[in-house]
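Read the structure below first, then the notes.
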Amino acid sequence: MIKMFNDLTKKKDEFIPLESGKVGMYVCGPTVYDYFHIGNARAFTMFDLIRRYLEYRGYDVTYVQNFTDIDDKMINRANDLGITVRELAERYIKEYFDDADALGIHRADHHPKATEHIVEIIDIVDRLVKKGYAYEMDGDVYFDAHKFDEYGKLSHQNLEELESGARVDVDERKHNPIDFALWKKQKPGEPAWESPWGMGRPGWHIECSAMASKYLGDTIDIHAGGADLVFPHHENEIAQSEAANGKPFANYWLHNGYLNIDGEKMSKSLGNFFTVRDIRKKYDPEVVRFFLMSAHYRNPLNFSEEQLISAKNGLDRLYTTLNNLEFAKESAKEDHPVTEDRVMEKINEHENHFIESMDDDFNTADAVSALFMFARDMNIFVKEGMTVKAIDRAVGKLKAWGDLLGILQRSGEESGVNPDVEALIEKRNQARKERNWAEADRIRAELSGMGITIEDTPQGTRIVSR
RNA sequence: GGCGACAUAGCCAAGCGGUAAGGCAGAGGACUGCAAAUCCUCUAUUCCCCGGUUCGAUUCCGGGUGUCGCCUCCA
């Protein structure tokens with residue numbers, strides 16, 4: 001049984017999909033006006049992981065993640081760069097996929113763009129106007145928050161509380177400060193579409209309501225995004241969708257915690273952010289992914305180079321086990337003491353731990369500890385001596401868990417064997433046989449200079465890739 | 001001001017009523033020509049503080065303190 005913390009109910013709820021065996025999941029994607037930062041990466045990565053886990057548990061998941069390709073930020077950035085909004089969007093959607101693919105984030109089933117759903121957006125705004133939930137003011141259309149009784153049910157605040165803290169709004173034409181734009185009248189030079197209210201463009205929140213319904217239906221199982229979207233974005237989505245459709249919008253609302261820098265939220269507005277693109281120059285994206293899953297997705301997580309190094313070393317440990325196993329295969333014998341059965345015992349033991357952790361609100365930090373414990377067991381087994389079947393089992397399982405989490409897919413022996421290197425190793429082994437340590441160390445240093453690290457094991461000398 | 005989250009070793013981080021997982025870093029040991037890797041051992045006696053409930057609390061309740069966040073574009 002999978003339990004997930006639902007912000008709507010403020011507790012861990014058992015997950016029961018609308019339709020047995022199927023899950024509709026919508027995740028708020030990036031505004032494509034720049035490279036995305038590591039904070040964005042946390043949301044995309046962790047919800048990708050949750051999706052993978054749901055699939056692993058047998059659900060048929062339809063996953064939707066949008067691109068916001070029209071809003072103030074898009075327009076401003078396009079102007080700064082002297083290109084069209086459309087060109088800007090195309091550029092950064094491409095860059096998004098470049099980084100997301102590197103992080104092992106699976107492609108969504110649908111990646112809808114706001115600008116390609118203007119018809120659907122106008123339709124829902126129109127229905128809201130006709131139902132009396134929205135009003136037009138000189139080409140702008142606003143949602144009247146006071147008309148939606150349940151406004152505030154996600155952020156658990158009432159209108160009065162929200163409005164008392166609201167900052168001064170320049171737009172005096174709104175009925176109430178909390179009202180938000182569904183449709184914005186065109187300003188000179190801005191991209192615009194025809195609508196019943198004249199030329200204009202969609203407000204920010206409405207696109208998600210329109211696209212979620214289109215691809216997943218009026219009620220979806222899971223809606224997810226960063227904690228900063230709870231209010232106003234998700235609150236507004238609920239208001240719009242439920243007012244328009246008269247049905248619950250989403251049954252489970254999942255929000256990931258912030259990624260912090262020195263204990264402070266990382267955000268573009270604060271300027272204290274690191275893009276994934278920059279981090280990739282120095283660290284393997286797999287390390288970044290591993291780092292992100294080292295904490296529970298709902299908790300705040302501090303980002304630092306030190307943590308990244310720690311994650312890299314931890315991940316290396318897992319890879320070492322994988323390499324140890326594969327290397328041991330070359331000298332494996334049928335009469336070795338560790339048989340497939342003994343490996344299976346360990347797998348069962350740790351798999352239960354793994355599943356229980358993931359079932360409990362996707363506790364990746366705890367699930368990963370199962371991998372480490374399994375790795376230790378396998379390291380011990382390698383020393384004892386394993387059969388080929390036992391090794392295959394162990395490698396298969398470790399890779400299967402890794403595949404689920406999006407790590408450990410790199411193969412142990414990446415590059416083909418270089419004959420020169422082979423010769424040098426042979427030469428060094430000869431020197432070692434003759435106990436000519438000076439020569440052996442010299443050759444090791446020479447190899448090291450070529451970027452090759454070697455290790456002497458009881459089974460022979462081998463190349464370690466990292 | 002309103003609402004909320006979090007506080008566990010040098011660092012990161014699980015656990016959330018039964019006496020503190022895991023990782024990183026560090027120390028010692030085994031193995032090794034050396035190194036690396038691996039294995040073993042060690043590293044939290046206020047789990048922020050003070051009360052309360054309980055046979056028993058890191059875990060539940062109340063009150064503090066501290067940090068962060070939302071109420072403004074933001075994952």
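Numbered from 1 within each chain, the chains take letters A, B, ... in sequence-line order.
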Examine the base of B:A5 for any acceptor or donor lying under 3.5 Å from a partner atom in the side chain of A:R298, and report the outcome as yes or no. no

side-chain contact (heavy atoms from CB on, under 4.5 Å) with A:D149: which residues, sequence neighbours excluded? none

Does A:R107 come within less than 4.0 Å of A:D101, counting only side-chain N to carboxylate O? yes

Mapping A:V368 and A:Q157 onto RNA chain B by nearest heavy atom, which one lands closer to the 5' end? A:Q157

Residues two or more places apart in sequence or in another chain: which of them pass side-chain contact (heavy atoms from CB on, under 4.5 Å) with A:E345? none

Does B:C16 have a Watson-Crick or wobble partner in any strand here, with both distances under 3.5 angstrom, and which is it? none

Could you note down all residue pairs passing salt bridge (Lys or Arg N to Asp or Glu O under 4.0 Å) where residues 363-378 of chain A supplies at least one of them, sequence neighbours left out? A:K346-A:D377

Please list, for nucleotides 9-13 of chain B, all pairs of protein and nucleotide N/O atoms separated by less than 3.5 Å.
{"from": "B:C11", "atom 1": "O2'", "to": "A:Q307", "atom 2": "NE2", "distance (Å)": "2.9"}
{"from": "B:C12", "atom 1": "O4'", "to": "A:Q307", "atom 2": "OE1", "distance (Å)": "3.3"}

What residues, two or more places apart in sequence or in another chain, satisfy side-chain contact (heavy atoms from CB on, under 4.5 Å) together with A:E306? A:S304

Taking C-beta and beyond as the side chain, do A:M358 and A:Y56 meet within less than 4.5 Å on heavy atoms? no

Using the six-membered ring for Trp and the full ring for Phe, Tyr or His, decide whether A:F372 stacks on the six-membered base ring of B:G22 (centres under 5.5 Å, planes under 30°). no

Between B:A25 and A:N313, is there an OP1 or OP2 to side-chain N/O distance shorter than 4.0 Å? yes

Both distances below 3.5 Å, Watson-Crick or wobble geometry, any strand: find the nucleotide opposite B:G28. B:C40

Just the table, please: protein N/O against nucleotides 40-42 of chain B N/O, every pair under 3.5 Å.
{"from": "B:C40", "atom 1": "OP2", "to": "A:R376", "atom 2": "NE", "distance (Å)": "3.3"}

Tell me yes or no: between the side chains of A:Y26 and A:E237, is some donor less than 3.5 Å from an acceptor? no

